[in-house]
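A short worksheet on the structure shown next.
Position 1 is the first residue of the sequence, and the numbers go up from there.
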Amino acid sequence: MSALLPIVEQLADAVNHAERAEWLFACPYGVMNREHMSIRVILQKSGLLAGVAYLEAVLSLTNAKRLPDGTLPQTIVLPVHIAALDLRQAAQAGAEGAN
């Protein structure tokens with residue numbers, strides 16, 4: 001029996017960076033917050049460092065203090081978008097390298 005949540009096992013079972021990126025983009029924030037250390041280890045072992053950066057950016061976003069109007073500061077939001085772009089590029093590069 002694995003100590004990982006079934007949803008995190010799906011990430012561990014991913015066979016390429018594209019699958020890992022897809023998992024990260026679909027993963028609920030609550031799971032990322034709760035299981036961030038396990039997710040980080042899986043991403044590091046797979047060599048998907050852009051995934052680690054995306055995870056860190058999302059964790060910053062989900063733990064950031066919001067502005068009085070309820071929005072998040074752009075200094076928090078923009079790094080998530082940049083990390084997502086980098087992750088998409090890494091996944092695509094991994095897919096092209098596999099062909």
(request) Go through the structure and list residues passing ring pair (Phe, Tyr, Trp, His ring centres under 6.0 Å) with F25, not counting sequence neighbours. (result) Y54
(message) Applying a strict under-4.5 Å side-chain criterion to I, L, V, M, F, W and Y, I'd like to know whether L5 and V58 cluster together.
(response) yes
(request) Return the minimal non-hydrogen interatomic distance between L4 and A12, and the atom names on each side. (result) CD1-CB, 4.4 Å
(request) Sequence neighbours left out, what passes salt bridge (charged side-chain N to carboxylate O under 4.0 Å, His left out) with E56? Give chain and number order. (result) R40
(message) Restricting to non-hydrogen atoms, name the atom on M32 and the atom on C27 that form the minimum distance, rounded to 0.1 Å.
(response) CG-SG, 3.7 Å
(message) For a quick test of reading the model, state the closest non-hydrogen atom pair linking I76 to L61 and the distance between them.
(response) CG2-CA, 3.5 Å
(request) First locate atom CG of L72, then atom OG1 of T62, and finally report the distance between them rounded to the nearest 0.5 Å. (result) 9.5 Å
(request) With the side chain counted from C-beta on, respond yes when N33 and N63 share a heavy-atom pair under 4.5 Å apart, and no when they do not. (result) yes
(message) Tell me the closest heavy-atom pair linking P79 and A57, and the distance in Å.
(response) O-CB, 4.0 Å
(message) Are V41 and L11 connected into the same hydrophobic cluster when the rule is that any two of I, L, V, M, F, W, Y join if their side-chain heavy atoms are below 4.5 Å apart?
(response) no
(request) Measure the spacing between CG of L43 and CG of L87 and express it to the nearest 0.5 Å. (result) 8.5 Å
(request) Run through the side-chain heavy atoms of Ile, Leu, Val, Met, Phe, Trp and Tyr, join any pair under 4.5 Å, and report what else lands in L78's cluster. (result) I82
(message) Rounded at 0.5 Å granularity, tell me how far CG in L24 sits from CZ in R88.
(response) 11.0 Å
(request) State which residues pass side-chain hydrogen bond (donor to acceptor under 3.5 Å, both in side chains) with N16; sequence neighbours excluded, sorted by chain then number. (result) none
(message) Check whether W23 reaches the backbone of I7 with its side chain - one donor and one acceptor, N or O, closer than 3.5 Å.
(response) yes
(request) Find out whether L48 and V52 are in side-chain contact, i.e. whether some heavy atom of one side chain is under 4.5 Å from a heavy atom of the other. (result) no
(request) Scan for salt bridge (Lys or Arg N to Asp or Glu O under 4.0 Å) pairs involving residues 14-37, sequence neighbours excluded, and state none if there are none. (result) none
(message) According to salt bridge (Lys or Arg N to Asp or Glu O under 4.0 Å), does anything in residues 57-72 pair up with another residue at least two apart or in another chain? List the pairs.
(response) none
(request) Specify the closest pair of heavy atoms between A91 and A18, including all atoms of both residues, with the distance to one decimal. (result) CB-CA, 3.8 Å
(request) Over all heavy atoms of both residues, which pair between I39 and V31 is shortest? Give the atoms and the distance, please. (result) CD1-O, 4.1 Å
